[in-house]
Amino acid sequence: MEYNHKKIEKKWQNYWDEKQTFKAVTGDKKEPYYILVEFPYPSGAGLHVGHVRSYTAQDALARMKRMQGYNVLYPMGWDAFGAPAEQYAIKNHIHPKDAVKENIKTFKGQMKDLGFSFDWSREFSTTDPEYYKWTQWQFLQFYKHGMAYKDTIPVNWCPTCKSVLSNEDAAGGVCERCGTEVVQKEKSQWMLRMSDYSEDLLKGLDDTNFADRVKLGQINWIGKSTGVELDVEIVGGGKFSIFTTCIETVYGITFFVIAPDGKLIKELMPRVKNKEEVNKYINETAKKSSMDRTELNKGKTGCKVEGIMAINPVNGMEVPIFLGDFVLGDYGTGAVMAVPSHDQRDFEYAVEHNLEMIQVIDGRDTTDSAFEKHDYLGKGCKLINSEEFTGLTVEDAKEAITEKLVNKGIARRVNNYKMRDWIFSRQRFWGEPIPMIYCEKCGWQPMDEKDLPLLLPDVAEYEPTEDGESPLANIKTWVNTTCPHCGGKAKRETDTMPNWAGSSWYFLRFMDAHNDKEFASMDAMKYWNRVDWYNGGMEHTARHLLYARFWVQFLYNIGLVPKKEMIWTRVSHGMVLGSNNEKMSKSKGNVINPDDIVKEFGADTLRIYEMFMGDYTQDAPWSTDSLKGCKRFIDKVIRLKDKVGSGEGYSKKLEPIIHKTIKKVENDLSTMAYNTAVSSLMILANSFDDEKSITKDEYHLLLTLLNPIAPHITEELNESLGFKPICESSWPKYDESKTIDSEIEIPVQLNGKVKATIKIALDSEENIVKEKAHSEVANLLEGKTIVKEIYVKNKIYNIVVK
RNA sequence: GCGAGUAUGCUGGAAUUGGCAGACAGGCAUGUUUGAGGGGCAUGUGCGUUAAAACGCGUAUGGGUUCAAGUCCCAUUACUCGCACCA
């Protein structure tokens, strides 16, 4: 048969479209199963081969699950707000919605060409007013429940581009686009009280089945640490608080370090003697990102705050205060106690600034480096130089010191979280407008819910403002409105929402995509229950997932979703790298366009290759040679059709491998082991190829198992044998008893080295195996003394000799 | 810096989770089929000594546990990803 992949693939894609094969019906009696892939940002570059990898993987799972009798929901949509579309639109003087429309068309066409079994009837874009109406509505719920507030936050600002920059775009302190030095600018921003949910987001992980590394990512992002907040008096009046997880070292304090960007230094300023030096350091710090600041080697910078001394609350010792940029103004209390003998960063700081050190935990010399907690904890180390606590173990002292300070009323046991509130404002045009109105008389007022959606204005020209406000601020007809409270003159909020907003709840919308009464009905959400399987990139496992969980937990708390955690399993896939093992990028010239591959080799070849290329959770480089190998595999499967004879059922000889392969493929597709699923199918095809002829049923089985990965060619071959379409058939069942060999080969080892293999019946008794093993290596045992023999049932026989 | 991950032939990777390292592919080589090939078939291919049998070595590096280690433990190195306005 001639393999015209273009014709075959089009034919089956049309078949699925016409029959609506993949339409998921809410309320169907079959068991629901919700498979989700991250919906893409439809960039101008078109679909990436990396998209193809994860979409194919989940497509294979979806197709198998359907055959297994589940009501599968496998939806697709578009996450289309964002800076690139806005930049493109500004440059080309068009409205971003038109650019987005074009891009979506391209992406959708590419997805159709690849034969993904998405339920297109549920498609939407986050930029559709019908969708963002509900994103805005949900923001209003946050606001009405006290979860949204305004705060002043410093942002990276490029004076040339007149644009707020991400840390990434401001890397190294210069604007990535134009090279101008970035400055920090204070801006009033909408915030969501995500930090209120720290503990719930941590606990909620127990009700999910996320991959371990995903859970770890969430846990570390939340960054819980348990410790003590301690009040510190300032000589001559005033006080501040510090947070520490190592209160046991409190007698070792020789100085305090406070954040240059914190509120404390501002308060102290009138009493500071070296104002000029202090101000200079504060200004230098303002240029650095927090990442640059916490780097260990840069942590030694700082300056002394002259004229102000603090008092160690446990022993009354007066110690100096320093500014240090490794202390962050927005984490903990913005001030730390410094114990150079027991913290390496404090140690280096003390050396640099020539400060005193006091060792308070015994166990190691501290002249050259600090004796830190990971070295002294749990080793029975005892305190020294610590008044009544001297002699106690670290663990006992931690408790005793805390207890004493808490009783004195100068300390509190607290949990600190690294996770901060969510900065929800963006000074951009292309995002969901925040539905808030500012009135001189009434302050911030939420829009009336019935007036939603608040549409973006339909203009093609918008320039950034001089002062860093959103481009929307220039569109006066849009900005000026009336106060929903008093009816007087008022202005709209001109900032828009971050890209993360729309993607924080899209999976709920898919459950009920066209509901115009609510964002999704409770009934529909209860029916689908939750996302059973969510796949996305590793780069999203910390933030997107956390934002989405936060959003859902909030909706749950106000009674709008049925579960506190709406995502059950989350897995992440590796990137497809260029053939030179580097990330694909235009500038490196190593980009592979899936369209070209589909045209030349066909979608099925590309799909098989991307499943076969390696461990799905790891990065894998592109190889066109390897791709060709997958084409050859398809050719082989096609050729096997000529071997189909008149027989029926499974032959005795092929039966074991057939049952094993069904089991293996079924297992592998549900555990992301796609590469071994393909390899086991290759093995099956090879063993068919070794036969003179195979039965129709055997061939049909191979096609069925391969169908989830290569759906077009398998349907075509299957049809030519006269079977009904695979997509309307059921998944084959394996017989466990037929997957087990009755006779097995096991190795015989001498001192751990394999010297022979013996054939034994499955589950043989040890003495039978022993006899066989001994006779097999008899010549090697001569003149040796047997010290020990180990038999691991059905695995190995090892003889230890001297 | 902090957090996470990875390291196995010439290449991508496999290894039932402590039990025969290199499955399945790619590449290369040799042979074969036909006028031809991004074709089919066959054989070989971790490294070393060797005609071969056989033996020795071998899963980033250095130690350790064990009858047995790619797999477990300790230390080290290199690379990749995330770090809050890229999506």
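Order of the sequence lines sets the chain letters (A, B, ...), proteins ahead of strands, with each chain counted from 1. Quick caveat: nothing in here was measured; it's all calculated off a predicted structure.
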**Q** For His540(A), answer base if it contacts any base atom (sugar-phosphate contacts may also be present), sugar-phosphate if it contacts only those atoms, and nothing otherwise; contact means non-hydrogen atoms under 4.0 Å.
**A**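 Base: the residue His540(A), judged by heavy atoms under 4.0 Å, touches a nucleobase.
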**Q** The criterion is salt bridge (Lys or Arg N to Asp or Glu O under 4.0 Å); which residues satisfy it with Lys215(A), sequence neighbours excluded?
**A**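 With neighbours one apart ignored, the set is empty.
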**Q** In residues 46-54 of chain A, which residues come under 4.0 Å of RNA chain B by heavy atom?
**A**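 Of all residues in residues 46-54 of chain A, none places a heavy atom under 4.0 Å from RNA chain B.
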**Q** Enumerate the salt bridge (Lys or Arg N to Asp or Glu O under 4.0 Å) contacts for residues 607-623 of chain A, please, sequence neighbours excluded, ordered by first and then second residue.
**A**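 Counting only pairs at least two positions apart or across chains, the salt bridge (Lys or Arg N to Asp or Glu O under 4.0 Å) contacts touching residues 607-623 of chain A are Asp59(A)-Arg607(A).
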**Q** Which letter, B, S or -, goes with each nucleotide of nucleotides 9-27 of chain B from 5' to 3', with contact meaning a protein heavy atom under 4.0 Å?
**A** ---BSS----BB--BBSSS
**Q** Could you tell me whether Phe601(A) contacts a base, only the sugar-phosphate backbone, or nothing, with contacts defined as non-hydrogen atoms closer than 4.0 Å?
**A**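 Base: the residue Phe601(A), judged by heavy atoms under 4.0 Å, touches a nucleobase.
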**Q** Of all residues at least two apart in sequence or in a different chain, which pass the side chain to side chain donor-acceptor pair (under 3.5 Å) check with Tyr417(A)?
**A**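 Partners of Tyr417(A) by the side chain to side chain donor-acceptor pair (under 3.5 Å) criterion, ordered by chain and then number, come out as Glu199(A).
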**Q** For a side chain to side chain donor-acceptor pair (under 3.5 Å) check, start with the C-alpha distance between Thr245(A) and Lys373(A), then their side-chain angles and the critical distance, and finish with the verdict.
**A** CA-CA 10 Å; Thr245(A) 58; Lys373(A) 65 174 164 187; 3.0 Å; yes
**Q** Please measure how far the P atom in G56(B) lies from the corresponding atom in A60(B), and state the result in whole Å.
**A**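 Roughly 22 Å separates the two P atoms.
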**Q** Can you tell me if Arg543(A) touches the phosphate of G82(B), counting only side-chain N or O atoms and a distance under 4.0 Å to OP1 or OP2?
**A**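 Arg543(A) to G82(B) OP1/OP2: no side-chain N or O under 4.0 Å.
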**Q** So what's the dot-bracket for RNA chain B: Watson-Crick or G-U pairs under 3.5 Å, [ ] if a pair crosses, | if it pairs off-strand?
**A** (((((((..(((......[....)))(((((((.....)))))))((((....))))..(((((..]....))))))))))))....
**Q** Mind checking what makes salt bridge (Lys or Arg N to Asp or Glu O under 4.0 Å) contact with Glu745(A), not counting sequence neighbours?
**A**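 Not a single residue meets the salt bridge (Lys or Arg N to Asp or Glu O under 4.0 Å) criterion with Glu745(A).
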**Q** What pairs of donor and acceptor atoms, side-chain ones from residues 625-636 of chain A against any protein atom, are under 3.5 angstrom apart with sequence neighbours left out?
**A**
residue: Lys636(A); atom: NZ; partner: Asn686(A); partner atom: OD1; Å: 2.7

**Q** Under the rule for salt bridge (Lys or Arg N to Asp or Glu O under 4.0 Å), what residues qualify as partners of Glu789(A), not counting sequence neighbours?
**A**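 Salt bridge (Lys or Arg N to Asp or Glu O under 4.0 Å) list for Glu789(A), sorted by chain: Lys770(A).
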**Q** Considering every strand and a 4.0 Å limit on heavy-atom distances, what is the contact class for Val800(A): base, sugar-phosphate, or nothing?
**A**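 If one applies the 4.0 Å heavy-atom cut-off, Val800(A) turns out to touch the sugar-phosphate alone, with no base involved.
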**Q** Can you tell whether the side chains of Lys150(A) and Glu493(A) come within less than 4.0 Å, N to carboxylate O?
**A**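 So Lys150(A) pairs with Glu493(A) through a salt bridge.
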**Q** Under the salt bridge (Lys or Arg N to Asp or Glu O under 4.0 Å) rule, collect the residues that match up with Glu666(A), sequence neighbours excluded.
**A**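 Residues passing salt bridge (Lys or Arg N to Asp or Glu O under 4.0 Å) with Glu666(A): none at all.
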**Q** Lys755(A) side chain: which of C55(B), A84(B), C81(B) is closest?
**A**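 The listed nucleotide nearest to Lys755(A)'s side chain is C55(B).
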**Q** Please work out if Gly82(A) contacts a base, only the sugar-phosphate, or nothing of the nucleic acid, heavy-atom cut-off 4.0 Å.
**A**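 The answer is sugar-phosphate, as Gly82(A) gets under 4.0 Å only of primed atoms, P, OP1 or OP2.
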**Q** Under the rule for side-chain contact (heavy atoms from CB on, under 4.5 Å), what residues qualify as partners of Ala673(A), not counting sequence neighbours?
**A**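 Scan of Ala673(A) (side-chain contact (heavy atoms from CB on, under 4.5 Å), adjacent residues dropped) gives Asp668(A), Thr671(A), Thr676(A).
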**Q** What residues form a side chain to side chain donor-acceptor pair (under 3.5 Å) with Thr180(A), not counting sequence neighbours?
**A**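 Here the qualifying residues are Thr160(A).
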**Q** Taking only the P atom of each, what is the distance from G82(B) to G22(B) in whole angstrom?
**A**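 After rounding to an integer number of Å, I get 37 Å for this pair.
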**Q** In terms of side-chain heavy atoms of Trp500(A), which of C85(B), A87(B), G3(B) is nearest?
**A**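 Output: A87(B).
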